[in-house]
Amino acid sequence: MSGGPPPPDALIFDVDGTLAETEEAHRRAFNDAFAEAGLGWRWDPPLYRRLLDVTGGKERIRHYLDAHGDRPRLDDETVRRLHARKTERYNDLLVSGEVALRPGVARLIGEARAAGVPLAIATTTSRPNVETLLAATLGPQALGWFAAVAAGDVVPAKKPAPDVYLLALRELGLPPGRCVALEDSRNGLEAALAAGLPTVVTVSAYTDDQAFPGALSVLDHLGEPGLPCRALAGRAPPGPCLDLATLAAWLGAVADPAP
Ligand code: XBP
Ligand code: MG
């Protein structure tokens, strides 16, 4: 990327819905854990779409129980154990190869690595889920490519609070203004923007009915040379892919808007 505007200081990736379409596997894992515990309920896709407004699996279970007064009261330890079993089932699904990276994710990660642009993760999901997804899709060494991995319960407030992005920025030792967050959900976009991060959204299967005000760009995916991305709102990449050169140009324009 010689000569043009400098690349981003770092790319900070959300996980669920951004790296991969993982929420169907999460939903199946929740339902498997509920069935094993004999709880008698299951989350179908329309209900799960609504429940995804609450980030964090344990918080989502508690929200569901509170919203359905006819459900048994489960104490925190029971919810924790139920969620731990769900995480085990989810990791089984990841290891079985059920989940692939979304278009352009491996390409953009490779571009960043080749250009020396630091990578980070900022996610609401539990840490084991991140490690297993990266290993299952990019290989056992992939976790080491990320200079910071901020995941799950390491912060007191989950998305849309900015905490997990602020933690990733602290671990990177970078200010937000020339980093880029990549997200799939309104909650994630709000968290990233609240942390001061320019943000690109790639809409996912469970967020295709959401609005993304404030995003640099809203795309159907990150694009591959043979699978061009499409801008749904905001800036459109000049080529078939969202690449480092495009992000560099957008950051330059945001930092130094034309007179
Ligand atoms: C998405 C979430 C997570 C997952 C489930 O995280 O909100 O709660 O739905 O994972 P993100 P857990 O988009 O920030 O990656 O059950 O481990 O929370
Ligand atoms: Mg997400």
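In listed order, ligands and their atoms are each counted from 1.
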Salt bridge Asp208-Arg49, side-chain N to carboxylate O under 4.0 Å: yes
Check: Gly57 N/O within less than 3.5 Å of ligand 1 N/O: yes
Atom of Asp14 nearest the Mg ion (ligand 2) (restricted to N/O/S, atom name only): OD2
Which atom of Asp16 approaches the Mg ion (ligand 2) most closely (N/O/S): O
N or O pair under 3.5 Å between Thr125 and ligand 1: yes
Side chain, backbone, both or neither: the part of Asn129 lying under 4.0 Å from ligand 1 by heavy atom: side chain
Of the listed options Leu133, Thr123, Leu19, Leu51, closest to atom 15 (O) of ligand 1 (non-hydrogen atoms): Thr123
Ligand 1 versus Lys86: contacting region, heavy-atom distance under 4.0 Å: side chain
The Mg ion (ligand 2) to Asp184: nearest N/O/S atom name: OD1
Ligand 1 versus Lys58: contacting region, heavy-atom distance under 4.0 Å: neither
For atom 8 (O) of ligand 1, the protein heavy atom that lies nearest, with its residue and separation: Gly56 N, 3.0 Å
Parallel, tilted or perpendicular: rings of His83 and Phe30 (30°, 60°): tilted
Side chain Thr132, main chain Pro128, donor-acceptor under 3.5 Å: yes
Arg107 with Asp243: basic N within carboxylate O range, under 4.0 Å: no
Polar proximity ligand 1 side, Thr124 side, N/O cut 3.5 Å exclusive: yes
Ion pair Asp153/Lys158, N-O distance below 4.0 Å: yes
Contact atoms of ligand 1, heavy-atom distance to Val15 under 4.0 Å: 15 (O)
Check: Val54 N/O within less than 3.5 Å of ligand 1 N/O: no
Side-chain donor or acceptor of Gln141 paired with backbone N/O of Leu138 under 3.5 Å: yes
Check: Glu171 side chain, Ala148 main-chain N or O, donor-acceptor pair, under 3.5 Å: no
Aromatic plane relationship, Trp41 with Tyr64 - under 30° parallel, 30 to 60° tilted, over 60° perpendicular: tilted
Subset of ligand 1 atoms that lie under 4.0 Å from at least one heavy atom of Lys159: 14 (O)
Nearest neighbour in protein (non-hydrogen) for atom 17 (O) of ligand 1: Ser126 OG, 2.7 Å
Protein contact of atom 7 (O) of ligand 1 - nearest heavy atom, named by residue and atom, plus distance: Arg60 NH2, 3.0 Å
Presence of salt bridge, Glu36 and Arg85, under 4.0 angstrom: yes
Ligand 1 atoms in contact with Tyr48 (distance to a heavy atom under 4.0 Å): 9 (O)
Salt-bridge contact Glu23-Arg27 (side-chain N to carboxylate O under 4.0 Å): no
Partner of Asp76 under salt bridge (Lys or Arg N to Asp or Glu O under 4.0 Å), chosen from Lys58, Arg62, Arg81: Arg62
Glu59 heavy atom under 4.0 Å from ligand 1: no
Ligand 1 contact on Asp14 by region, counting heavy-atom pairs under 4.0 Å: side chain
Exercise: do Glu24 and Tyr206 side chains pair donor with acceptor under 3.5 Å: yes
Nearest-neighbour protein heavy atom for atom 6 (O) of ligand 1, which is reported as residue plus atom name and distance: Asp16 OD2, 3.2 Å
